[in-house]
Every structure is written in C-alpha cells, then in structure tokens.
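Here the structure is laid out as structure tokens; the discussion comes afterwards.
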Amino acid sequence: MSSPQRYRWLVVGGLVLAGLVAVVGIAVPAGLQWDFGNFYDTGHRAASGQLASIYDPTSAIAGEAPLGAMAFWGAPVSAFFYAPLSLFPPATALVLFKLAGTLALAAGLLLLYRHTRDFAADRGFSPDAYRALYVIAILLFQPFWSMYRVGGQTTPFVFLLLVLALLAFLKERWTLVAGYLLLAVLIKPAFAFVPLFVGLVAWRRMLPRIALVFAAAGLVSIALLGWPIHQHFLEIVRRGSDKPSPWPFNSSLYIVADAFRPVANSIPVPGAGGALPGLVRIGLKLLVLLVVGLLTWRGLTVIRLERQRRLFLYLMAISFCLLISQIVWEHYLAVLFIPLVFLLAAAPRSPKPARLHLAIIFGLVMLQNLVLVLTFRAHVPITNNVTLMAVSLVKAGPLIAYLAFLWFHRSSIFD
C-alpha cells in the first residue's frame, strides 16, 4: 500500500473512531450532576427569574431542589445562554448540551485545519500526511474528550470563538475580533487574559475596540441586571483567583506551588506553611512574564511580515492566558491545541529536539484523561510529599513542557 493510501486509511479510521467516541459520549448519561448540572441549574434560574441566585448553587429553583451543587463562574448575562436547557427534562437537555458542544468543537477543528493546511504545506508536509497527523493529534488530545465525562462543557464554544477570533485577526477585522473575544470571556471569564494581551500588543488597532466593546457590554449588562449581581460576580472571580484548585482537576502551573505546602508546614518557622508556596507561585508567575515578555518583544522586532506577526502575537496571547492562570481545568487545555497545531504543522522544518519536545507535550496531555486521573486518585493514596509532588508535576506537565518549549526552542519558532 502506498503512503498516500495509508494516510487516507488513517484519516478514515481516525474520523470513524472519533465519531464513535462522540456518539457514545453523547449517549451515555455521564456527568448529569457534574458540570452539566451547573449549567442546567443556571439556565433554569435565569428562565425562572431567579437571576440573583445564580451564584448560589444550593438555592431552590422554582421551589425545587437544584440538579447539581457546583458553583457558576460565568458572567451574569451569560446565564441566559443556558436558559433554553430548562425547556427540556435534564436527561434530554444533557444529550442536547453534549451534542451542541460536539458540533462547536468539530466546527472549530475544521476551521483550524483549513487554515493550517497551507501553513503545513509551505513547511514540507504533503496534504495527505498532514491530514492524517491532524486527525491523530485530535484523537490523542484528551482535553477534547473530557466534556463527555462531566456532562458537557462550554469550553468547546470558547475554542470555536478563539479560532474565529484568530481568523478575523488575520483578516484585520478588528471589531469582529473584539466581539468574538467578548463572547468567549462572558462564557469563561478566565480567558480574559487573551483580549488583555491582544489589546496591549496591538494597542493601536485592538485596544480601542476591545475597550469599547467590553465597556458597552458591561454597561448594558449593568443596566439590565443591576450592579449588585455584578459586584457578587467580581467577588466570586476575586476569590477564585486567590489560590489554585487541587491537582485532580487543575492542570495549572501553580498546583506545583501548593505541593510545597506539606514541606513548608514541617519547617519550624511561623508562617512558613503559607509563605513558601506563595513564594514559589510568585516565582513561577515572574518566570512566565519573563519568558512571554521576551518572546513577544523578539517577535515584534524580528517578524517582518505583518500577517505572520499577528499570527504569532495571537498565539502568544492564548499561551500567556493558560500559563498565567491559577486555575486551568483539564478541559481548558483544549485551547492549547491552537498554538500546538501550528508547531505541529511546522514540524518538517523544526530540528529533531524540537519535534521530540513537541511529542512529549502531547504525551503529557494524554495523561490528563479525566477517567484515568480519577481512577488513579481512587486507588493510589497520596500519603507523602514525594507522591504529591509527582502527581502535581504530571498534572501541570503539559504547561511546564510547553513553557520550556517556548524558551529552549525559541530560535526554531522564529525560523
């Protein structure tokens, strides 16, 4: 069998397998009271006129007990996005929610593929080879599949919006970029670092539009819903950013800092238990700022073609968001696929150490499989500091390896 035929069979087999996984994931009612319960209850509260209680997961809804017990983190106005779910019984709404997320993810991946295939061809990939590699990369990228275990998620919609914003950014449709980023932030406020970064590095074109679009949306939301609920939302965001969530669900760099807490507690110095993890966290943030800052400055100075510069800056915006955030739920890593796929498309021209490093990142991403993580936690007790540090490094591994890639292979990135 010739190479093109093998590639085509890989594509067909990969797409069939992905479709089967998606169908099973949609059909199996997993996660009814997990993340889905959060969105269903929020939409039910919005539809019932109980918007003031959307951030209280324990409050009754129209006199009935809520389906789930998870807190809602979206912007107040985004609660209405989930109101249509309340038109259906929970079991039916669960299927529809997973189906909508699957379609959004598929649309984002298709748009990203159509954009990167020419990029890959310019760097030595044959069309058949890149198509097969792209499908395999999707199958291996576990954050795409987490939503089926937790009852569906809104991250696929954020993924699609960020891809749309990228394409609009490359076409110089600045206001449309701001609109896409606004919708992404309303759904997942943790991604506010993306428009912040884009606005700062493209300040002449993007900063006024982002400021105008976001300010207008904020004023309209406050006028419609009142200030108290927005004040409550800001307090929720502030509390959520104080410290990272534990390792089983969080893949942030900063869970490594909390792994130092047991060691610090053993130091006979008052306050050491809180001080050492805090210092490690600050050190990691300074490292991220240094690496991203230097790479951004270099990109602005050495990349001559405007379109390439915009592509680089947008990918750095996504990278910065994930690297600086203290909470990166495992499904948030789906967004990491956007910069990674460009590195993958450039692989034929990359040096062998860079290709090996990229393979390591994908391998570490595979270990983010939620079923695997929960099974490990159920059967392997974390009884000592060494084990805690090991699991923290595995969970933070994709972003640690990605940060290292950006720095150690920076020359190949620019080449």
Side-chain angles (χ1 to χ4, degrees), residues 73-75 77-78 81 104-105 107-109 111-112 115 143 153-218 233 237 240-241 251-254 285 288-289 291-293 295-297 299-300 309-343 398-399 402-403 406:
W73 291 83
V77 72
S78 71
F81 297 168
L105 180 60
L109 288 170
L111 289 172
L112 193 59
H115 181 72
Q153 248 297 334
T154 54
T155 305
F157 301 98
V158 173
F159 180 87
L160 173 59
L161 288 166
L162 291 179
V163 172
L164 290 170
L166 166 62
L167 301 181
F169 192 54
L170 294 176
K171 294 177 182 177
E172 301 184 8
R173 303 177 70 177
W174 314 118
T175 304
L176 196 57
V177 175
Y180 286 138
L181 294 179
L182 171 66
L183 288 174
V185 172
L186 290 178
I187 296 171
K188 297 286 188 190
F191 287 92
F193 287 112
V194 176
L196 175 63
F197 190 97
V198 170
L200 291 177
V201 297
W203 62 274
R204 290 183 179 178
R205 291 166 174 169
M206 283 307 310
L207 188 58
R209 289 172 174 82
I210 287 175
L212 180 62
V213 169
F214 276 66
F233 165 66
V237 171
S241 63
S251 297
S252 167
L253 286 176
Y254 307 101
K285 286 185 179 291
V288 168
L289 290 171
V291 171
V292 173
L295 287 176
T296 302
W297 175 80
L300 288 170
R309 188 185 297 117
R310 287 198 300 271
L311 172 61
F312 172 76
L313 292 176
Y314 189 86
L315 297 181
M316 287 305 299
I318 292 177
S319 303
F320 175 71
C321 178
L322 293 172
L323 291 169
I324 204 68
S325 298
Q326 292 200 158
I327 295 181
V328 180
W329 307 120
E330 74 286 332
H331 49 84
Y332 282 16
L333 287 177
V335 172
L336 183 62
F337 189 81
I338 299 174
L340 285 181
V341 78
F342 281 93
L343 297 175
L399 291 180
Y402 181 61
L403 179 62
L406 291 177

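Below, all heavy atoms of this structure are taken into account, side chains as well, without hydrogens, waters or symmetry copies.
The minimum heavy-atom distance between Ala190 and Ser325, with the atom names listed, is O-OG, 4.0 Å. Ile338 and Leu315 make their closest contact through CG2-CD2, 3.9 Å (heavy atoms, listed as atom of the first residue, atom of the second, distance). Ile187 and Phe157 make their closest contact through CD1-CB, 4.3 Å (heavy atoms, listed as atom of the first residue, atom of the second, distance). Contact record, Gln326 with Tyr254: CA-CD1, 3.8 Å, taken as the closest heavy-atom pair. Taking every heavy atom of both residues into account, Pro143 and Ala334 meet most closely at CB-N, 3.4 Å. Shown here for Ala104 and Leu160, the closest heavy-atom pair between the two residues is O-CB, 3.8 Å.
Considering only heavy atoms from C-beta on, Phe191 stays 4.5 Å or farther from Leu181 through its side chain. Put simply, the side chain of Leu186 reaches to within 4.5 Å of the side chain of Leu182, judged on heavy atoms. Contact of the Tyr314 side chain with the Leu170 side chain is not registered, since no non-hydrogen atoms from C-beta on lie closer than 4.5 Å. Using a 4.5 Å heavy-atom cutoff, the side chains of Arg310 and Met206 are not in contact. Using a 4.5 Å heavy-atom threshold, the side chains of Arg209 and Val177 count as separate. Using a 4.5 Å cut-off on side-chain heavy atoms (C-beta onward), Leu289 and Phe320 make contact.
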Practice task
List the steps, then state whether side chain to side chain contact (heavy atoms under 4.5 Å, CB included) holds for Leu399 with Leu333.
Solution key: CA-CA 9 Å; Leu399 291 180; Leu333 287 177; 4.0 Å; yes
Handout entry: Intermediate values then yes/no, side chain to side chain contact (heavy atoms under 4.5 Å, CB included), Phe214 and Val185
Key = CA-CA 10 Å; Phe214 276 66; Val185 172; 4.1 Å; yes
Exercise for the section: Run the numbers on Leu313 and Val198 for side chain to side chain contact (heavy atoms under 4.5 Å, CB included), then give the verdict. Expected result: CA-CA 7 Å; Leu313 292 176; Val198 170; over 6 Å; no
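Applying the side-chain contact (heavy atoms from CB on, under 4.5 Å) test between Leu323 and each of Leu336, Val328, Leu406 identifies Leu406 as the sole match.
Judged by distance alone, with hydrogens and angles left aside, the side-chain atoms of Thr155 form no donor-acceptor pair with the main-chain N or O of Tyr332 at under 3.5 Å. Looking at Arg205, its side chain never comes within 3.5 Å of a backbone N or O of Trp174 through a donor-acceptor pair.
Note that OG of Ser251 and CD1 of Ile327 are 12.0 Å apart. Values are rounded to the nearest 0.5 Å. The line from CG of Leu207 to CG of Leu212 is 11.0 Å long, rounded to the nearest 0.5 Å. Atoms CG and CG, on Leu167 and Leu162 in that order, are 11.0 Å from each other to the nearest 0.5 Å. One finds the CD1 atom of Ile318 at 8.5 Å from the CZ atom of Phe159 (value rounded to the nearest 0.5 Å).
A side-chain donor from one of Tyr402 and Ser319 sits under 3.5 Å from a side-chain acceptor of the other.
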